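Have a look at the structure below before the remarks.
Computed from a prediction, not measured in an experiment: that's the story for all the values here.
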There are 2 protein chains.
Amino acid sequence: MTVVTLPSSRRSRPSPRRREPEIIEAAARVFAERGFHGATTQDIADVLGIRQASLYYYFPSKEGALELVCLQGVGGFFEVAKAIASGPGTAADKLTRLIKSHLSPLTDRSDFVRVFLNERQHLPPESRRRIGKWSRGLEQAFESVLKEGVRRGEFRSDLDTRLAVLGILGMANAVANWYRAEEVAIDRVSAEFARLLVAGVAKRPKPRRRSIAARRSGR
Amino acid sequence: MTVVTLPSSRRSRPSPRRREPEIIEAAARVFAERGFHGATTQDIADVLGIRQASLYYYFPSKEGALELVCLQGVGGFFEVAKAIASGPGTAADKLTRLIKSHLSPLTDRSDFVRVFLNERQHLPPESRRRIGKWSRGLEQAFESVLKEGVRRGEFRSDLDTRLAVLGILGMANAVANWYRAEEVAIDRVSAEFARLLVAGVAKRPKPRRRSIAARRSGR
DNA sequence: GGCGCTGTCTATAGCTCAATAGGTAGAATT
DNA sequence: AATTCTACCTATTGAGCTATAGACAGCGCC
């Protein structure tokens with residue numbers, strides 16, 4: 001005999017919140033445009049055409065909304081980067097793919113990315129640390145590829161990999177701030193930057209010996 | 001500094017606002033740390049050990065303070081860059097010097113630079129445009145050097161100079177955000193970045209000998 | 001056809017903050 | 001000695017903002 005399965009259970013589906021994606025996107029847009037502290041909940045409500053107080057049906061606080069936006073700003077990033085870094089290919093090839101994949105979300109999620117990059121510092125300490133792990137993981141993915149390149153002799157042996165990572169990410173992250181104004185496709189940016197950076201870290205053709213590239217393990 | 005008293009002038013401007021530099025520096029520090037909208041005038045007053053209302057003896061509004069900080073954040077930059085760009089030397093050499101001079105203010109004025117880079121968007125439209133001219137001038141200095149390099153055959157002929165400028169400035173400007181946390185001297189950063197970027201834009205191998213990498217680029 | 005749930009509303013509490021008004025001690029000037 | 005000016009102060013106003021409280025319309029469901 002089946003016990004009546006709580007038709008109106010408190011444990012039933014928490015809350016559908018059908019429009020939540022739409023609400024978070026509006027928040028992302030407003031935060032990206034005006035900055036977290038420069039934006040008001042009223043601004044977000046205006047974008048959606050609802051009342052300011054109605055927003056609190058969807059998020060518990062303004063800071064909560066920021067966290068949701070930031071989470072979507074890094075979402076998946078790190079996993080993809082890690083997969084590329086530990087996957088097959090030359091270091092130069094991997095670096096190129098890392099850059100491409102790092103920039104690709106800008107085509108359709110630039111607001112989320114911008115908020116993550118520029119506003120995450122205003123998160124309460126706890127969630128900031130939680131999200132900070134993603135960032136550091138990403139840096140490590142890049143750095144491991146650079147180190148691999150150095151080890152294999154593809155890249156300059158005196159390369160400061162830490163500085164190079166910071167430089168590469170600086171260059172790449174800045175794209176979020178101008179790519180709408182400049183009229184240019186992300187793929188073109190990725191390609192140009194990848195080429196520039198790979199050439200920048202590559203070992204110069206000083207040694208006329210063909211040894212290094214051929215020296216890779218196996219074969 | 002003791003003021004030399006002007007003999008017979010009631011129009012003399014005695015010594016107005018002696019502490020102004022100190023006040024603006026405090027504002028820069030607070031704006032850099034918390035962002036313009038995240039900072040309160042009370043925060044600035046706390047740094048100085050004076051009352052919040054007393055600040056209005058030195059600036060007319062919070063936005064006015066931001067403008068003063070931003071002005072000092074770009075101060076002189078552009079002139080120096082222009083001088084380098086139109087001066088003597090190879091393009092690679094000039095690019096190196098541009099990067100060095102672009103990063104050098106970070107040693108002692110990083111707060112001002114950070115505020116200029118991150119908060120200038122919150123200026124009222126008028127002063128933002130006024131300050132925006134400085135930025136564009138700087139971009140042009142970099143771009144003219146890149147174009148010169150291409151023209152002279154130092155740099156790749158298919159280099160997208162606009163994207164390269166944006167990339168270079170992105171890489172360089174990001175330094176302001178991490179160089180305190182990372183323990184590294186600015187000179188080292190300049191040197192590493194300059195080397196990386198010059199190699200990145202340079203025409204591949206000096207075509208004196210056949211090299212392995214040569215067949216990659218155009219032929 | 002009453003019930004509960006979702007998604008919105010109105011109204012407002014409670015607080016923070018920029019900015020103004022007006023006062024004054026003390027140094028500098030006359 | 002009187003006056004002026006600098007560099008603060010106290011007190012307060014008024015606006016704007018986040019967040020809460022509580023009502024309720026429509027809908028799907030037994």
Taking CZ from B/Arg34 and P from C/dA18, how many angstroms apart are they, rounded to a whole number? 12 Å
Rounded interatomic separation in angstrom, taking CG from B/Leu66 and P from C/dA19: 12 Å
Would you mind listing every side-chain hydrogen bond (donor to acceptor under 3.5 Å, both in side chains) that reaches into residues 22-35 of chain A, with sequence neighbours excluded? A/Arg19-A/Glu22, A/Arg34-A/Asp43
Once each nucleotide of nucleotides 18-24 of chain D is scored for protein heavy atoms under 4.0 Å, what B/S/- sequence comes out, 5' to 3'? BBB----
Options C/dT6, C/dC9, D/dT6, nucleotide nearest the side-chain atoms of A/Tyr57: C/dT6
With sequence neighbours left out, the residues meeting side-chain hydrogen bond (donor to acceptor under 3.5 Å, both in side chains) with A/Glu63 are none
Would you indicate whether the side-chain heavy atoms of B/Glu154 and B/Val201 approach each other to under 4.5 Å? no
Qualifying side-chain hydrogen bond (donor to acceptor under 3.5 Å, both in side chains) pairs with a residue from residues 158-172 of chain B, counting only residues at least two apart or across chains: A/Glu182-B/Arg162, A/Arg188-B/Asp160, A/Arg195-B/Asp158, B/Glu139-B/Arg162, B/Glu143-B/Thr161, B/Arg156-B/Asp158
Among pairs that include at least one residue of residues 105-128 of chain A, which meet salt bridge (charged side-chain N to carboxylate O under 4.0 Å, His left out), considering only residues two or more places apart or in two chains? A/Glu126-A/Arg130
Among residues at least two apart in sequence or on other chains, which ones pass salt bridge (Lys or Arg N to Asp or Glu O under 4.0 Å) with A/Asp93? A/Arg97
Could you state the atom-to-atom distance from CD1 of A/Ile50 to P of C/dG7 in whole Å? 11 Å
Considering just the side-chain nitrogens and oxygens of B/Ser54, establish if one lies under 4.0 Å of OP1 or OP2 belonging to D/dA7. no
Without decimals, in angstroms, what is the distance between B/Leu55 CG and C/dT20 C1'? 14 Å
Can you tell me how far P of D/dC17 sits from CZ of A/Arg51, to the nearest Å? 16 Å
